[in-house]
Amino acid sequence: MNSYKYDKKKLIETPRLFLRPITATDAKLLVAWKNLLTLESHEVFLSREKINIKQHQTWFKNRAKSRIDYIFCEKFRGTPIGTVHFKNINKALGIAEAGKMIGDSSFRKMGFAKEAFAVWLKYGFEIIDLNKIYIFTDINNVTNINLNLKLGFKFIKRKKNIELPKKNFVTMEISKKAICKLNKILNI
């Protein structure tokens with residue numbers, strides 16, 4: 001495994017993956033992934049415009065302090081596969097918005113997103129001490145909606161403290177009570 005390059009205290013591991021914080025050196029990879037995904041039919045990002053390295057570097061430098069971004073990598077070779085994040089973290093309410101994406105399409109439909117997101121949610125509940133995590137999903141992205149349901153998310157109506165980004169998104173939520181289900185998915 002190539003994880004020796006990374007701060008082991010910040011690594012999150014599963015049987016097939018390791019998750020590590022996104023760094024400034026990931027800019028080229030993340031820009032390529034985002035630009036590729038903007039060409040797909042599902043609205044992964046609020047903007048459908050391509051970005052460049054400079055725009056990404058500006059975002060990375062100025063991103064909110066209430067945000068945590070990780071890349072998940074295949075454990076054996078260290079190949080980056082995708083990203084997970086928490087943003088709009090509100091410690092007082094114990095809530096945050098989560099997200100995931102597979103950037104390398106050759107790893108799709110292999111269960112990597114499910115594995116990475118399950119351990120990420122567990123991290124949110126156990127380490128960040130969240131009580132509820134919500135996610136916005138493109139209403140047409142049935143694969144992602146089904147994955148969220150398998151992980152324990154439930155559809156919710158819009159709440160006053162959660163702003164919906166666009167009207168063609170559904171809001172889903174998972175509570176800390178779902179840790180048992182996440183452990184089962186991760187075979188823990």
Side-chain angles (χ1 to χ4, degrees), residues 1-23 26 29-30 33-34 37 42 44 66-91 93-138 141-156 162 169-188:
M1 172 171 82
N2 293 333
S3 65
Y4 63 86
K5 298 188 272 187
Y6 310 109
D7 182 350
K8 293 211 182 260
K9 289 181 272 184
K10 293 185 179 181
L11 285 183
I12 304 167
E13 295 189 67
T14 72
R16 300 184 301 161
L17 303 169
F18 68 90
L19 290 72
R20 62 166 178 83
I22 288 176
T23 67
D26 294 315
L29 174 66
L30 295 172
W33 284 353
K34 184 193 185 297
L37 290 169
H42 300 299
V44 177
S66 64
R67 182 179 179 104
I68 304 169
D69 296 275
Y70 270 57
I71 285 183
F72 58 96
C73 304
E74 187 271 330
K75 204 179 231 184
F76 182 68
R77 292 182 301 265
T79 306
I81 298 171
T83 65
V84 290
H85 70 265
F86 289 120
K87 65 182 186 180
N88 301 321
I89 300 168
N90 184 325
K91 293 221 178 205
L93 294 176
I95 64 171
E97 177 184 344
K100 65 188 167 306
M101 76 165 185
I102 293 265
D104 184 336
S105 61
S106 69
F107 286 93
R108 287 187 183 161
K109 300 190 188 281
M110 296 180 179
F112 287 112
K114 182 178 180 183
E115 189 174 321
F117 206 48
V119 78
W120 187 242
L121 296 170
K122 195 170 153 52
Y123 177 83
F125 292 132
E126 294 178 346
I127 305 302
I128 302 172
D129 199 28
L130 299 171
N131 296 313
K132 292 197 179 199
I133 299 169
Y134 62 95
I135 190 167
F136 299 117
T137 303
D138 179 342
N141 193 341
V142 177
T143 302
N144 197 26
I145 290 171
N146 286 334
L147 172 58
N148 294 338
L149 291 169
K150 286 176 188 168
L151 290 168
F153 279 88
K154 309 246 185 270
F155 290 102
I156 61 168
I162 299 173
F169 281 73
V170 296
T171 307
M172 302 176 85
E173 179 180 81
I174 188 170
S175 71
K176 201 173 213 168
K177 291 182 256 175
I179 284 182
C180 291
K181 186 171 192 169
L182 297 172
N183 285 339
K184 200 177 262 190
I185 288 167
L186 294 165
N187 294 317
I188 299 173

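- Residue Asn131 holds its CG atom at 8.0 Å from CZ of Phe125, rounded to the nearest 0.5 Å.
- For the atom pair CZ of Phe153 and NZ of Lys181, the computed distance is 11.0 Å after rounding to the nearest 0.5 Å.
- For the pair Lys100 and Asn144, the tightest heavy-atom approach, listed with the atom from each and the gap, is NZ-OD1, 2.8 Å.
- Between Cys73 and Arg20, the shortest heavy-atom contact is SG-NE, 4.0 Å.
- Using a 4.5 Å heavy-atom threshold, the side chains of Ile185 and Leu151 count as touching.
- Taking both residues in full, the closest heavy atoms of Glu97 and Asn88 are given as OE1-ND2, 3.1 Å, listed atom of the first, atom of the second, then distance.
- For an aromatic pair to be called close, the ring centres must be under 6.0 Å apart, and Phe72 with Tyr70 fails this.
- Interatomic distance, Phe169 CZ to Asn141 CG, rounded to the nearest 0.5 Å: 9.5 Å.
- In this structure, the separation between CZ on Phe18 and CD on Glu13 is 8.0 Å, given to the nearest 0.5 Å.
- Judged as a side-chain hydrogen bond (donor to acceptor under 3.5 Å, both in side chains), the pairs with a partner in residues 117-127 (not counting sequence neighbours) are, in order, Lys122-Glu126, Lys122-Asn183.
- Here the side chains of Ile128 and Ile68 are in contact, with some heavy-atom distance below 4.5 Å.
- Between the side chains of Thr79 and Asp104, no donor-acceptor pair is found at a separation under 3.5 Å.
- Residues Ile81 and Trp33 approach most closely at C-CH2, 3.5 Å, considering heavy atoms.
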Open item on the list: Does Leu93 form a side chain to side chain contact (heavy atoms under 4.5 Å, CB included) with Lys132? I'd like the steps, not just the answer.
Closed with: CA-CA 9 Å; Leu93 294 176; Lys132 292 197 179 199; over 6 Å; no
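- A 4.5 Å side-chain heavy-atom check between Asn187 and Pro15 finds every atom pair outside the cut-off.
- Distance check, rounded to the nearest 0.5 Å: CD of Glu173 to CD1 of Ile133 gives 10.0 Å.
- With hydrogens and angles disregarded, no donor-acceptor distance shorter than 3.5 Å links the side chain of Glu115 to the backbone of Thr14.
- At distances below 3.5 Å, at least one donor-acceptor pair connects side-chain atoms of Asp26 with backbone N or O atoms of Thr23.
- Taken from CZ in Phe112 to CD1 in Ile102, the straight-line distance is 8.0 Å, to the nearest 0.5 Å.
- Of all heavy-atom pairs spanning Leu121 and Ala98, the tightest one is CD2-CB, 4.5 Å.
- When every heavy atom of Leu130 is checked against every heavy atom of Ala96, the shortest pair comes out as CD1-CB, 3.7 Å.
- In terms of the side chain to side chain donor-acceptor pair (under 3.5 Å) criterion, residue partners of Lys176 (sequence neighbours excluded) are, by chain and number, Asp129.
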Open item on the list: Please evaluate residues Val119 and Leu186 with respect to the criterion side chain to side chain contact (heavy atoms under 4.5 Å, CB included), reporting the C-alpha separation (whole Å), side-chain torsions for both, the decisive distance (0.1 Å), and the verdict.
Closed with: CA-CA 7 Å; Val119 78; Leu186 294 165; 4.0 Å; yes
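- Contact of the Ile71 side chain with the Leu30 side chain is registered, since non-hydrogen atoms from C-beta on lie closer than 4.5 Å.
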